[in-house]
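A short worksheet on the structure shown next.
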4 protein chains.
Amino acid sequence: MPKVGMEPIRRKALIEATINEIGAVGSLDVTVGKIAKRAGVSSALAHHYFGGKDQILLAAMRSILARFGANVKHELAGAKTPLQRLEAIIAASFHADNFQPQVVASWLTFYVLAQNSKDAQRLLQVYAQRLQSNLVYDLGKLTDRDQAHRIANGMASIIDGFYIRQALQTHSDRDDTISIVSEYLHLQLKQASLRTHT
Amino acid sequence: MPKVGMEPIRRKALIEATINEIGAVGSLDVTVGKIAKRAGVSSALAHHYFGGKDQILLAAMRSILARFGANVKHELAGAKTPLQRLEAIIAASFHADNFQPQVVASWLTFYVLAQNSKDAQRLLQVYAQRLQSNLVYDLGKLTDRDQAHRIANGMASIIDGFYIRQALQTHSDRDDTISIVSEYLHLQLKQASLRTHT
Amino acid sequence: MPKVGMEPIRRKALIEATINEIGAVGSLDVTVGKIAKRAGVSSALAHHYFGGKDQILLAAMRSILARFGANVKHELAGAKTPLQRLEAIIAASFHADNFQPQVVASWLTFYVLAQNSKDAQRLLQVYAQRLQSNLVYDLGKLTDRDQAHRIANGMASIIDGFYIRQALQTHSDRDDTISIVSEYLHLQLKQASLRTHT
Amino acid sequence: MPKVGMEPIRRKALIEATINEIGAVGSLDVTVGKIAKRAGVSSALAHHYFGGKDQILLAAMRSILARFGANVKHELAGAKTPLQRLEAIIAASFHADNFQPQVVASWLTFYVLAQNSKDAQRLLQVYAQRLQSNLVYDLGKLTDRDQAHRIANGMASIIDGFYIRQALQTHSDRDDTISIVSEYLHLQLKQASLRTHT
DNA sequence: AATGAATGAGCCTTCATTCAT
DNA sequence: AATGAATGAAGGCTCATTCAT
């Protein structure tokens, strides 16, 4: 039983516990005490390692965002063409990891948190902008700049829309979801190409 | 002058105060005390009329949903063709009344509330299903049943997506938003007609 | 049992309880909960009426200061000559009301509080300056300005000194104490008059 | 190189840190953790060496008292006559070492501590009695026993009074302070001699 | 019709203290 | 000799809720 170097272990456990707790109680009533209990430690320890409730939530948020980023990167690895890259981003968005109930519930909580916490807001905006630039970058190779922005905007919205509907337990099939978003992309591109070439 | 018939006045005032309070504090920290103060009454009175905090929130939710329904009905009034009706639904969704910051913040809160309250969940689902059936009904006249469901699903998601992005203060232009959703509809219909006729 | 207009009664009771609690536990460990219990109410009510612990302490401080001020005013009422007025101030300082163990313990607490609270500091300085100006004013009629300030300074210090020693339970006789301070005053005045007339 | 003989070094550092911490935060909020951090060690070590918070404070108190005693002894070294000795005690009381803000803040803290801790109380009383006997002893050579006690009492009070006023940041000039106390002594002695010879 | 009074329950946070390493 | 790990206990504060008037 190691008695040193516990910090990373505890941090990880607490972050995991936070996400699961949010998933379990649906974001309301999420309490430092309950998170700590779920992680098998005292609430004092949670404060010791994170400094406060907000920072625990923020850390959980960062963790989810990081995992999402990693998933995107991973999916992107095998993609060659811009279109493949765009499809990869869609796939990553609905990757099982990111689309789990607890994770989706966490997203919802973070959206709410972002209404009052500058830090949470910044975090969420950084993520949103990165997604947006990824989309715009690849779309830019397939159509003009204005269309790229427009389509990126639509895609991001439709993805967020499916997320929030998932949070509401309007369970939809993952593959159906992906195909709807993917189809959106294709139709928009076809239409954009028509517009451009006319 | 005995004050009679105050109940509907107070209820209305409290519901309005609830929505504004949610809009003001961003859904967190919304307190019966603050709602009551905003409505100019004591918190005890709020309990007296509604029975509890959850029911106050539910009433506010019903109010927003009702207003939304009225807006839809109003927009639908002048619509003749199925396509016009679908456009009317889109227009109503982004009608200024429904797209105000406080209202959008309230939606977010209700989504969260729905995670824990059966009543809130039911309310939200009733609304979602009504929207869905409206969409499916009109789409059904323009394409086959499967396609209708699919397109309705996509439309609802993209609308919800724009809502949540609005809640995050990713302010987008109302007309742009409408045109993106509307375009989505048209492209899907064109595509569906191709599929059907082949 | 009156159920309205409780506020002043509760405030008074809580302030009294604060002073007694400070006296009882010796200023350390003084807790909102204990104060409230001593006043026969819940700690929530104490917060309701005062807003927070600091403000409760501040209110107790103001009460003691006010009582002190009233005692001074009362003693001053029968005083005619400047010398009588100065003696009256001394008498008031060691008046039974102000020299009770709980009250003296409260003073000590307030001194400590003043180290960290701007409000407490200001309060204490207002009191100190008022005492100082009273002393200087009357001394100024008996000697020159410089001497007046000097003697006032000495008198205030010796009074404070007896207070703190009282807080330490170095019980000294009240009359002895008064006579020592009074004697200080007389000797200083005699000396000052010598200095001036030479 | 095994670290041996660290104990006295750590103890000294912790005591010094305690005094400075009290001076820095104004006696409230003084925490074992902060003291330890200031001393550059873990709070566990502080407990290891002292056994508990109270004992750390007590040790700091003893240190200040000892330093004060040393200062008195040092000043007394050059004093020949009783009067010179009395003046030496006054000088020592306001010696720069003892009149530093941190030291004065510590005194205030100890006064508060003494309200609840038997040990602190005893310590403070030992110091007070030693000072008192010193004063009485020398005064006894200049006047009768009753007068000696009386004057010693006044002197001690006036010194304490200046201390507490210093703690309240009513900064007074050191030399002025000394001269006021010294003058007190002289006037009292003159008066006492009159009384005796009459 | 309306409210002031009052509280219990619960949450976040801090801190002295212990223990194994 | 020294510390990271960990916690129990307690405190300040908030809030939904009840009740008598």
Side-chain angles (χ1 to χ4, degrees), chain A residues 1-7 9-10 29-36 39-56, chain B residues 1-7 9-10 29-36 39-57, chain C residues 1-7 9-10 29-36 40-56, chain D residues 1-7 9-10 29-36 39-56:
Chain A
M1 244 190 301
K3 265 294 179 184
V4 124
M6 286 272 89
E7 176 154 358
I9 297 172
R10 293 306 188 197
D29 284 337
V30 52
T31 284
V32 175
K34 284 186 195 155
I35 290 171
V41 298
S42 72
S43 73
L45 195 67
H47 277 91
H48 176 65
Y49 280 130
F50 287 94
K53 185 183 184 176
D54 282 13
Q55 279 149 305
I56 296 176
Chain B
M1 244 197 301
K3 287 173 189 169
V4 279
M6 291 304 290
E7 176 154 357
I9 297 173
R10 295 304 190 199
D29 283 339
V30 53
T31 284
V32 174
K34 283 185 195 156
I35 290 172
V41 299
S42 74
S43 73
L45 194 68
H47 275 89
H48 177 65
Y49 278 133
F50 287 94
K53 183 183 185 175
D54 281 12
Q55 280 147 306
I56 297 175
L57 291 177
Chain C
M1 241 191 302
K3 265 295 179 183
V4 124
M6 287 273 87
E7 177 154 356
I9 297 172
R10 294 305 188 199
D29 286 337
V30 53
T31 283
V32 175
K34 283 187 197 156
I35 290 172
V41 298
S42 73
S43 75
L45 195 68
H47 277 94
H48 177 66
Y49 280 130
F50 287 94
K53 184 181 183 177
D54 281 12
Q55 279 149 304
I56 297 176
Chain D
M1 243 194 303
K3 288 173 189 170
V4 279
M6 291 304 291
E7 177 154 357
I9 297 173
R10 295 305 190 197
D29 284 338
V30 53
T31 284
V32 175
K34 283 186 196 157
I35 290 171
V41 298
S42 74
S43 72
L45 195 68
H47 276 89
H48 177 64
Y49 279 132
F50 287 94
K53 184 182 185 176
D54 281 13
Q55 280 147 306
I56 297 175

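Small disclaimer: the values here were computed from a predicted structure and weren't measured. Throughout, protein chains are lettered first and strands after them, A, B, ... in sequence-line order, and every chain is numbered starting at 1.
Nearest to the side-chain atoms of D/Val32 among the listed nucleotides F/dA2, E/dA16, F/dT14 stands E/dA16. For D/Ala44, whose side chain is taken as the heavy atoms from C-beta onward, the closest listed nucleotide among E/dA2, F/dT3, E/dT14 is F/dT3. Distance from the side chain of A/His47 is smallest for E/dT14 among the nucleotides E/dT14, E/dT17, F/dG4.
Here A/Tyr49 lies in heavy-atom contact (under 4.0 Å) with sugar-phosphate atoms only. When heavy atoms are screened at a 4.0 angstrom cut-off, C/Thr31 is found touching the sugar-phosphate backbone but no base atom.
Atoms CD (B/Glu7) and P (E/dA1) sit 7 Å apart, rounded to a whole Å. In this structure, CD1 of A/Ile56 is placed 9 Å from P of E/dC12, rounded to the nearest angstrom. Distance, A/Asp29 CG to E/dC11 P: 8 Å, rounded to whole Å. Between C/Ile35 atom CD1 and F/dC13 atom C1' the separation is 14 Å, expressed in whole Å. If you take NE2 of A/His48 and P of E/dC12, they are 19 Å apart, rounded to a whole angstrom.
When the local axes at the two ends of the helix from E/dA2-F/dT21 to E/dT21-F/dA2 are compared, using 5 base pairs at each end, they differ in direction by 10° after rounding to 10°.
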Audit row: B/Lys53, B/Ile35, side chain to side chain contact (heavy atoms under 4.5 Å, CB included) steps and yes/no: CA-CA 10 Å; B/Lys53 183 183 185 175; B/Ile35 290 172; over 6 Å; no

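Nearest-nucleotide positions on DNA chain E for A/Gly33 and D/Lys53 put A/Gly33 closer to the 5' end. Take the nearest nucleotide of DNA chain E for C/Leu45 and for A/Val30: the residue whose nucleotide is more 5' is C/Leu45.
For F/dA2, the OP1/OP2 oxygens have a side-chain nitrogen or oxygen of D/Arg10 closer than 4.0 Å.
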